[in-house]
Asker: 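My questions all concern the structure below.
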Amino acid sequence: MRCKLVAGNWKMNGMGQSLGQAEEVAKFASGQDAELLICPPFTLISRMHDLLQGTGVFVGGQDCHANASGPNTGDISAEMLADSGATHVIIGHSERRQHHDETDSQVRTKVAAAWRAGLVAIVCIGESESMRASGRTLEVVKEQISGSVPHGAASGSTVVAYEPIWSIGTGKTPSHSEIAEVHDFVRSELVKIAGKESGNEIRIIYGGSVNPKNAAEIFSIQSVDGALVGGASLQAADFLLIANCAAS
């Protein structure tokens, strides 16, 4: 049985005072059957790690550079994330792919960098609304997985997050059958990349307008191993309600 992962992506939100929300999550984290992760802005990672150390709540980054160091102004390496206390890093989020023109090849090098630093890479994939409307969802997902996930992927180093772009922040979510279809397809592709044993152990989580009202239904889908939560992760009460749904 794969333990569910509930990851909060704070995106470009949060100041020092926001650490109180993470502290509230930690108060109720013990005894949770689900694994909890918060990915704050880079500026909060070290402080959040110090605050949450020993609570069972993990801290992650939202992106990393492929190189360990160098003349890359404004970037941060996977090694720097690990040094700050991060255990995970989100890579290839659609907002990075869309607004920063990240390619599958670039995502792949960042995944390798995360592994190099001992981080768990959360690799994001997902189609746009026009791609789904034209019936290309599985084709797009196949291209993204094969291009973004290096060989050697394993459950201890890799999580795949299916995030349909048209669902992120819109309040719209795919139907149960649509989510299940993509997750089952992703599973078959992971088996091809990582082999039967490892491919079946890697967690596939869903992201896109996950909130306390729809979390239980989403987690009831057998092929969903957790969630990547955006806006609803900014408030501890909402994030914990979602986490409780994953653990039930």
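What you see below is based on every heavy atom in this structure, not just the backbone, and it leaves out hydrogens, waters and symmetry mates.
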Asker: Salt bridge check: are Glu129 and Arg132 linked by an N-O gap of less than 4.0 Å?
Answerer: no

Asker: If every non-hydrogen atom of Gly169 is compared with every non-hydrogen atom of Ser209, which pair is closest and at what distance?
Answerer: N-OG, 3.6 Å

Asker: For Trp10, is there any backbone N or O sitting under 3.5 Å from a side-chain donor or acceptor partner on Asn13?
Answerer: yes

Asker: For Ala243 and Leu36, which heavy atoms make the closest approach, and how far apart are they?
Answerer: CB-CD2, 3.6 Å

Asker: Does the Arg116 side chain pair with the main chain of Ala66, one donor and one acceptor, at a distance under 3.5 Å?
Answerer: yes

Asker: So, does Glu163 use its side chain to make a donor-acceptor pair with the main chain of Ser94 at under 3.5 Å?
Answerer: no

Asker: Under 3.5 Å, is there a donor-acceptor pair between the side chain of Ser198 and the main chain of Gly195?
Answerer: no

Asker: Between Glu127 and Pro164, is there a donor-acceptor pair closer than 3.5 Å when you use the side chain of the first and the backbone of the second?
Answerer: no

Asker: Might you point out which heavy atoms bring Leu240 and Val25 nearest each other, and give the distance in Å?
Answerer: CD2-O, 3.9 Å

Asker: Just wondering, are more than 12 heavy atoms of other shown residues or ligands nearer than 6.0 Å to NZ in Lys213?
Answerer: no

Asker: Considering only NZ, NE, NH1 and NH2 on the basic side and carboxylate oxygens on the acidic side, decide whether Asp104 and Arg97 come within less than 4.0 Å.
Answerer: yes

Asker: I need the full list of side-chain hydrogen bond (donor to acceptor under 3.5 Å, both in side chains) pairs touching residues 225-234, with sequence neighbours left out, sorted by first then second residue.
Answerer: Arg2-Asp225, Arg187-Asp225

Asker: Measure across Val123 and Ser148 and return the closest heavy-atom pair with its distance rounded to 0.1 Å.
Answerer: CG1-CB, 4.0 Å

Asker: According to side chain to side chain donor-acceptor pair (under 3.5 Å), who are the partners of Glu24, at least two apart in sequence or on a separate chain?
Answerer: Lys27

Asker: Could you tell me whether Lys192 and Glu189 make a salt bridge, using a distance below 4.0 angstrom between a side-chain N and a carboxylate O?
Answerer: yes

Asker: Does Ser167 have any side chain to side chain donor-acceptor pair (under 3.5 Å) partners at least two apart in sequence or in another chain, and if so, which?
Answerer: Tyr206

Asker: Is there a path of hydrophobic side-chain contacts, each under 4.5 Å between heavy atoms of I, L, V, M, F, W or Y residues, that connects Val89 with Leu37?
Answerer: no

Asker: Run the salt-bridge test on Asp63 and Arg96 with the 4.0 Å N-O cut-off and return the result as yes or no.
Answerer: yes

